[in-house]
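Below: one structure, written as structure tokens.
Just so it is clear, the model here is predicted, and its values are computed rather than measured. Per chain, numbering begins at 1; letters A, B, ... match sequence-line order.
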Amino acid sequence: MSANAIVQISYFAAAVLFIVGLKSMASPVTARRGIIWAGVGMVVATVATFLTPGMGNFALMIAAIAIGGGVAWWSGKIVKMTDMPQMVAIYNGMGGGAAAAIAAVEFVRHESHGELTTALAVLGALIGAVSFSGSCIAFAKLQGLMKKAYRLPGQNIWNIALAGATVVVGLSMILLSDKMTGVQILSFFILSLVLGVVITMPIGGADMPVVISLFNAFTGLAVGFEGYVLGNPALIIAGIVVGAAGTLLTQLMAKAMNRPITNIIFQPLSGEAQGGGAAVEGSMKEVGALDAAAMMRYGSKVIIVPGYGMAVAGAQHKVWEMAQLLEKAGVEVKFAIHPVAGRMPGHMNVLLAEAGVPYDKIFDLEEINAEFPLADVALVIGANDVVNPSARTDKSSPIYGMPILDADKAQNVIVIKRGKGAGYSGIENALFYAENCRLLYGSAQQVAGEVVGHIKAMGE
Amino acid sequence: MEGFTALYIFMLAAFTGYEVISRVPVILHTPLMSGSNFVHGVVLVGAMVALGRAETPLEQAIGFVAVLLGAANAAGGYVVTERMLAMFKSDKKKAGGHQ
């Protein structure tokens with residue numbers, strides 16, 4: 001068998017493994033197997049590529065794989081679970097950057113490709129470069145390196161003008177094809193990179209998951225297009241499958257937040273756009289850890305609504321310990337998770353899984369909302385906007401229309417909260433002023449510990 | 001590759017991606033985003049070909065960066081996805097959780 005045939009067969013096998021792997025990742029039972037299959041596909045494809053006829057620069061290649069792969073492997077191993085989203089963002093950005101760099105190599109080679117191929121190379125380069133610089137900004141924001149959302153005056157005009165300029169330069173490259181100049185190539189990449197930065201800068205932290213997912217889809221498409229340029233079906237299939245899957249995932253997330261993707265890009269919830277909504281009536285009522293413990297211990301059903309605040313405080317282990325104690329005392333305990341709890345949809349599930357909470361105690365918004373009126377206590381820990389009833393009732397609220405967890409409909413609501421401030425998005429929460437709501441101040445970690453102590457003292 | 005063959009591949013791959021995701025429970029959205037992030041790490045293969053064919057120092061330099069970034073995408077994507085999925089377990093299989 002010729003070397004080329006081995007390479008082609010390996011690529012085919014890799015493509016099959018990727019699709020089977022992704023499919024398996026869609027169910028909690030088989031998910032673990034899925035990533036391993038996809039991993040095998042990646043190793044097969046990478047090893048086979050060394051056999052491609054007519055290749056050189058192997059020393060450079062191995063060095064680059066060792067450095068890039070090694071650093072990423074190590075950083076992925078040590079990162080905390082709460083910081084996962086920004087790691088996904090940065091790895092995704094690197095994939096986009098790689099796709100853009102492949103296009104750059106093709107451009108500087110000045111080989112004649114034909115217009116279709118050049119057009120796809122340019123398109124892939126544009127999308128890949130935007131994904132790269134945009135993901136870097138997303139990383140910086142989630143990592144806390146960049147606190148504020150920067151918004152230029154007339155932001156949308158800037159976005160459109162920059163995008164327009166990039167497209168014009170890209171078109172001129174397609175027309176000149178193999179006679180394109182270095183200046184064109186350079187200005188094209190600079191414009192694309194700046195475009196990614198300018199698009200991402202004004203987007204607030206709360207919308208970031210959707211943006212990361214969007215860039216993930218972008219990178220997929222960029223990889224698919226560059227796959228066409230290189231005549232490599234493995235890249236085309238993997239890239240386009242991820243592009244389509246990522247687009248759908250982005251839509252699902254945006255829908256869960258009731259924020260159309262166009263709104264996220266063009267009307268970010270940040271700065272002066274925030275803090276809308278009617279003034280809230282009533283007062284906040286405090287409760288102590290002992291009373292809170294008693295309310296839950298002697299109730300029959302408790303629904304816990306965890307938010308990112310709980311994860312940051314590292315309280316999930318204590319909370320799970322508390323849930324187990326309550327269950328021993330005969331109380332039914334369920335966890336209710338909003339689709340955008342945490343920093344990405346499903347992030348909170350991962351954080352709870354890390355603490356040892358089995359996934360069949362964790363319920364989606366649609367599954368659990370009808371149960372809140374039957375619950376004696378809804379315990380809200382470090383969550384805010386996702387339980388804000390204004391989203392149902394107050395048309396002037398920026399989050400109006402977002403599906404929320406109906407924690408306010410429980411008999412009693414206990415909110416564990418660090419201080420009196422507003423949430424991540426800066427919106428006042430009507431729930432905290434409700435008649436059936438009590439606030440338990442303190443860090444989630446310490447408060448959960450106190451509650452655990454009190455429940456233990458009450459005996460079984 | 002012929003234009004139309006590629007177009008068919010694009011079309012079928014797009015439907016496949018859509019189908020694969022369309023019935024996913026919310027709890028798996030993050031791992032799945034991470035998993036698909038890993039899958040497009042196959043860009044590493046393309047980057048290797050680009051570097052393998054590079055002749056001038058400029059091409060080599062850009063190709064080197066491409067392989068570096070592609071390898072980071074693949075390796076990092078795998079590790080974080082694997083770590084997340086390793087934590088999923090059901091009540092029936094495990095005994096007692098963490099403690």
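- Between B:E19 and A:K23 no salt bridge is recorded (no basic side-chain N to carboxylate O distance below 4.0 Å).
- Here B:N37 is the residue among B:V67, B:N37, B:V20 with the most heavy-atom pairs under 4.5 Å with chain A.
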Taking it one step at a time, do B:V39 and A:V241 satisfy side-chain contact (heavy atoms from CB on, under 4.5 Å)? CA-CA 9 Å; B:V39 167; A:V241 165; 6.0 Å; no

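- Side-chain atoms of A:V79 and B:R83, non-hydrogen and from C-beta on, do get closer than 4.5 Å to each other.
- Taking NE2 of A:H347 as the reference point, atom CE of B:M33 lies at 10.5 Å (rounded to 0.5 Å).
- For B:N73 (side chain) and A:G93 (main-chain N/O), no donor-acceptor pair under 3.5 Å exists by modelled atom type.
- Rounding to the nearest 0.5 Å places CD1 of A:I236 at 12.0 Å from CG of B:L12.
- The candidate with the highest count of non-hydrogen atom pairs below 4.5 Å against chain B, out of A:N92, A:I362, A:I237, is A:N92.
- Pairing each heavy atom of B:F10 with each of A:G224, the nearest pair is CE2-O, 4.0 Å.
- Two residues are said to be in side-chain contact when any heavy atoms from C-beta on lie closer than 4.5 Å; A:N57 and B:Q60 meet this criterion.
- Ranked by heavy-atom pairs under 4.5 Å with chain B, the list A:A38, A:G128, A:G54, A:G97 is led by A:A38.
- The neighbour count for B:F15 CZ, taken as heavy atoms of other residues, nucleotides or ligands under 6.0 Å away, does not exceed 12.
- Between atom OH of residue A:Y228 and atom CD1 of residue B:I9 there is a gap of 10.0 Å, rounded to the nearest 0.5 Å.
- By number of non-hydrogen pairs under 4.5 angstrom with chain A, the leading residue of B:G35, B:A54, B:G70, B:S34 is B:A54.
- Contact count against chain B (heavy-atom pairs under 4.5 Å) is highest for A:M42 among A:M25, A:E106, A:E226, A:M42.
- Chain B forms more heavy-atom pairs under 4.5 Å with one residue of A:G239, A:A104, A:S213 than with any other, namely A:S213.
- Smallest separation of non-hydrogen atoms from B:A72 and A:A72: O-CB, 3.3 Å.
- Note on A:I337, A:L249, A:L365: by heavy-atom pairs under 4.5 Å with chain B, the leading option is A:L249.
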Would A:R109 and B:R53 count as a side-chain contact (heavy atoms from CB on, under 4.5 Å) if you check the C-alpha gap in whole Å, the side-chain angles of each, and the deciding distance to 0.1 Å? CA-CA 10 Å; A:R109 282 171 75 88; B:R53 291 199 217 133; 3.6 Å; yes

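- Summarising the geometry, atom CZ belonging to A:F107 is positioned 10.5 Å from atom CD1 belonging to B:I62; distances are rounded to the nearest 0.5 Å.
- Proximity to chain B is limited to the side chain of A:D364, based on heavy atoms less than 4.5 angstrom apart.
- Looking at A:Y11, the atoms closer than 4.5 Å to chain B (heavy atoms on both sides) all sit in the side chain, from C-beta outward.
- Atom-to-atom distance recorded for B:I21:CD1 and A:L22:CG is 6.5 Å, nearest 0.5 angstrom.
- Screening residues 31-63 of chain B for ring-ring contact (aromatic ring centres under 6.0 Å, His included), with sequence neighbours left out, gives B:F38-B:Y78.
- Put simply, CE on B:M84 and CD on A:E354 are 11.0 Å apart, with the number rounded to the nearest 0.5 Å.
- Annotation for B:Y18: atom OH does not count as buried by contact number, only 12 or fewer foreign heavy atoms lying within 6.0 Å.
- Across all their heavy atoms, A:A98 and B:A66 have their closest contact at CB-O, 3.5 Å.
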Name the atoms and distances for all side-chain donor-acceptor pairs under 3.5 Å in residues 43-52 of chain B, with sequence neighbours left out.
none

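- Comparing B:S36, B:G63, B:A74, B:A75 by heavy-atom pairs within less than 4.5 Å of chain A, the highest count is held by B:S36.
- Interface check for chain B: of the options A:I35, A:T49, A:T247, the most heavy-atom pairs under 4.5 Å are formed by A:I35.
- Scanning all heavy atoms of the two residues, the minimum distance from A:A244 to B:A14 falls at CB-O, 3.1 Å.
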